[in-house]
Amino acid sequence: MAKPDTTKIALIQMRCAAEPERNFARAVEFIRDAAKKHAQIVCLPELFRSQYFCQTEDHKNFELAEEIPGRSTSALGDVARETGVVIIASLFEKRSAGVYHNTAGKLLGKYRKMHIPDDPLYHEKFYFTPGDLGFQAWPTAQGKIGVCVCWDQWYPEAARLTALRGAEIIFYPTAIGWHPSEKKEFGEAQYSAWETIQRSHAIANGCYVAAANRVGHEAPAGGEGIEFWGQSFICGPDGAIIAKASVDREEIVLADVEWDRVNEHRTHWPFLRDRRVDAYAGIEQRLLD
């Protein structure tokens, strides 16, 4: 079947409460609402079933993990069939005892988060094993899409390899925000860097980029917590933002993807053609001493 000229995509920007089942039910409501607005691909934020538990290192949080495929993917598969949309969902995957992943699961396959951060209030290395499935892209009835997850969005190598797999849109399920005590001094620069690096991925790879963030303040273990900055956005292959959410409201961010723009930008700005693949020896090393 021929690919359509345009596809409407939706990013779900939502708050996450303490109760996983409530979050899941609300995510399904958002998906159905997006489908009513004619969305054909819907992306949820990172780890949407729970509040962002990685703010502390607590073994009890492993109880939030689940098998993939499993209960959540089965339920989301039912919703996908009901609505006719492709759903991108980030889940806490229990692979086996002691091995857990931060995984974006789809009916077409799954991607395990490759880059795992360890920063104040982002203690992900305690919970997640680095991904081992590589960077991928999947064909859909709409077009070929790629998925990376949150911390992956800072790495040009991740975006490049996903694009080289054929992705024409890269989705980034995300959970990122400010430490409240740092926001006044560093907040504007932190947000600007986040948006800029992802728009740069779109330009360098001639593809669409779509980042779905959560919103609201969360402090599940006490302390100052994290103020998630929302501002989920979609940008075109030229890096220009075509849809963007607010900083503090739940929203469905919608945009039309014009697939011909990918070919146009990759032809007019032929960065992929002009790559010196013969000169990149060493890129696989940590440093070149």
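Given the structure is predicted, the values throughout are model-derived calculations rather than measurements.
E250 meets the salt bridge (Lys or Arg N to Asp or Glu O under 4.0 Å) test with R26; sequence neighbours excluded. In this structure, the salt bridge (Lys or Arg N to Asp or Glu O under 4.0 Å) partners of E19, at least two apart in sequence or on a different chain, are R22. Evaluation of the ring pair (Phe, Tyr, Trp, His ring centres under 6.0 Å) rule for F128 yields F92 as partners, not counting sequence neighbours. Residues passing the side chain to side chain donor-acceptor pair (under 3.5 Å) test with D118: none are found, sequence neighbours excluded. Scored by the side chain to side chain donor-acceptor pair (under 3.5 Å) test, H201 finds no partners at all (sequence neighbours excluded). F186 meets the ring pair (Phe, Tyr, Trp, His ring centres under 6.0 Å) test with no other residue; sequence neighbours excluded. Residues forming a salt bridge (Lys or Arg N to Asp or Glu O under 4.0 Å) with D238 (at least two apart in sequence, or on another chain): R261. H123 pairs by the ring pair (Phe, Tyr, Trp, His ring centres under 6.0 Å) definition with nothing, not counting sequence neighbours.
Between the side chain of R199 and the backbone N or O of G239 there is at least one donor-acceptor pair closer than 3.5 Å. Of the possible polar contacts, none joining the Q136 side chain to the T162 backbone as a donor-acceptor pair under 3.5 Å is found. Side-chain atoms of H217 never come within 3.5 Å of backbone atoms of P180 as a donor-acceptor pair (strictly under, hydrogens ignored). Checking side-chain atoms of Q13 against main-chain N and O of D248 turns up no donor-acceptor pair under 3.5 Å. Remark: the backbone N or O of P20 is not paired with any side-chain donor or acceptor of Q51 at under 3.5 angstrom. Between the side chain of K125 and the backbone N or O of I116, at least one donor-acceptor pair lies under 3.5 Å. Remark: side-chain polar atoms of S192 are not paired, donor with acceptor, to backbone N or O of E188 under 3.5 angstrom. Between the side chain of N23 and the backbone N or O of A17, at least one donor-acceptor pair lies under 3.5 Å. Between the side chain of T73 and the main chain of G70, a donor-acceptor pair closer than 3.5 Å is present.
No more than 12 heavy-atom neighbours from other residues, nucleotides or ligands sit within 6.0 angstrom of CD on E67. Surrounding CD1 of I283 are at most 12 heavy atoms belonging to other residues, nucleotides or ligands under 6.0 Å away.
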Please test I12 against F48 for side chain to side chain contact (heavy atoms under 4.5 Å, CB included), starting from the C-alpha separation and ending with a verdict. CA-CA 10 Å; I12 306 304; F48 68 94; over 6 Å; no
Any chance you could lay out the side chain to side chain contact (heavy atoms under 4.5 Å, CB included) test for V257 and E168, step after step, and finish with the verdict? CA-CA 10 Å; V257 168; E168 296 168 287; over 6 Å; no
Under the criterion side chain to side chain contact (heavy atoms under 4.5 Å, CB included), I'd like the reasoning laid out for T129 against Y100: C-alpha separation, chi angles, the key distance, then a yes or no. CA-CA 6 Å; T129 300; Y100 296 77; 5.6 Å; no
Using side chain to side chain contact (heavy atoms under 4.5 Å, CB included), reason through L11 and I252 one step at a time and then give a plain yes or no. CA-CA 6 Å; L11 308 180; I252 299 174; over 6 Å; no
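Note: S96 OG to H101 NE2 = 8.0 Å, rounded to the nearest 0.5 Å. To the nearest 0.5 Å, the span separating CD on E82 from CG on L76 amounts to 11.5 Å. The structure places OG1 of T103 at 7.5 Å from CG of L133, a figure rounded to the nearest 0.5 Å. The OG atom of S50 lies 11.5 Å from the CD atom of E21; values are rounded to the nearest 0.5 Å. Distance check: R32 CZ to E29 CD gives 8.0 Å after rounding to the nearest 0.5 Å. In this structure, Y191 OH and I176 CD1 are separated by 10.5 Å, a value rounded to the nearest 0.5 Å.
Closest approach of C235 to A202, counting heavy atoms only: SG-CB, 3.6 Å. Taking both residues in full, the closest heavy atoms of I169 and I9 are given as CD1-CG2, 4.2 Å, listed atom of the first, atom of the second, then distance. The shortest non-hydrogen separation linking P173 to C148 is CD-O, 2.9 Å. The minimum heavy-atom distance linking A175 with Y122 is given by the pair O-CE2, 3.6 Å. In plain terms, the two heavy atoms of E124 and C54 that are nearest each other are CG-SG, 3.8 Å. In terms of heavy atoms, K94 sits closest to A65 at CB-CB, 3.9 Å.
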Taking distance alone, no hydrogens or angles, what donor-acceptor pairs closer than 3.5 Å link side-chain atoms of residues 223-231 to residues at least two apart or in another chain?
from : atom 1 : to   : atom 2 : distance (Å)
E224 : OE1    : S181 : N      : 3.3
E224 : OE1    : S181 : OG     : 3.2
E224 : OE2    : S181 : OG     : 3.3
E227 : OE2    : K183 : NZ     : 2.8
Q231 : NE2    : W229 : O      : 3.2

Side chains of residues 34-43: which donor-acceptor partners sit under 3.5 Å, not counting sequence neighbours?
from : atom 1 : to   : atom 2 : distance (Å)
Q40  : OE1    : K8   : N      : 2.8
Q40  : NE2    : Q142 : OE1    : 3.4

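For residues 143-163, no pair satisfies salt bridge (charged side-chain N to carboxylate O under 4.0 Å, His left out), with sequence neighbours left out. The stretch residues 265-276 participates, sequence neighbours left out, in these side chain to side chain donor-acceptor pair (under 3.5 Å) pairs: R276-D278.
One hydrophobic cluster, built from ILVMFWY side chains closer than 4.5 Å, cannot hold both I234 and I241; they sit in different ones. Cluster annotation: L44 is not connected to Y52 through the hydrophobic network of ILVMFWY side chains, with a link wherever side-chain heavy atoms come within less than 4.5 Å. Transitive grouping of hydrophobic side chains (ILVMFWY, heavy atoms separated by less than 4.5 Å) keeps V215 and F30 in distinct clusters. No chain of hydrophobic side-chain contacts below 4.5 Å, direct or via other Ile, Leu, Val, Met, Phe, Trp or Tyr residues, connects W154 to V149. In terms of hydrophobic clustering, with Ile, Leu, Val, Met, Phe, Trp and Tyr side chains grouped at heavy-atom distances under 4.5 Å, F171 and M114 are assigned to a common cluster.
Between the side chains of T174 and Q153, at least one donor N or O lies within less than 3.5 Å of an accepting N or O. Side-chain contact, W259 with T6: no donor N or O sits under 3.5 Å from an acceptor N or O. When only modelled atom types and interatomic distance are considered, E251 and S232 share no side-chain donor-acceptor pair under 3.5 Å. Checked by atom type, the side-chain pair E46/N102 shows a donor-acceptor distance below 3.5 Å. Side-chain contact of Y208 with E258: a donor-acceptor pair under 3.5 Å is absent, judged by distance alone.
Below 30°, between 30° and 60°, or above 60°: for F53 and Y127 the angle between ring planes is above 60°, a perpendicular geometry. Below 30°, between 30° and 60°, or above 60°: for W194 and F233 the angle between ring planes is above 60°, a perpendicular geometry.
Checked options W151, Y172, Y155; the residue passing with H115 is Y155 (criterion: ring pair (Phe, Tyr, Trp, His ring centres under 6.0 Å)).
Note: F126 and H59 meet the aromatic proximity criterion, with ring centroids under 6.0 Å apart.
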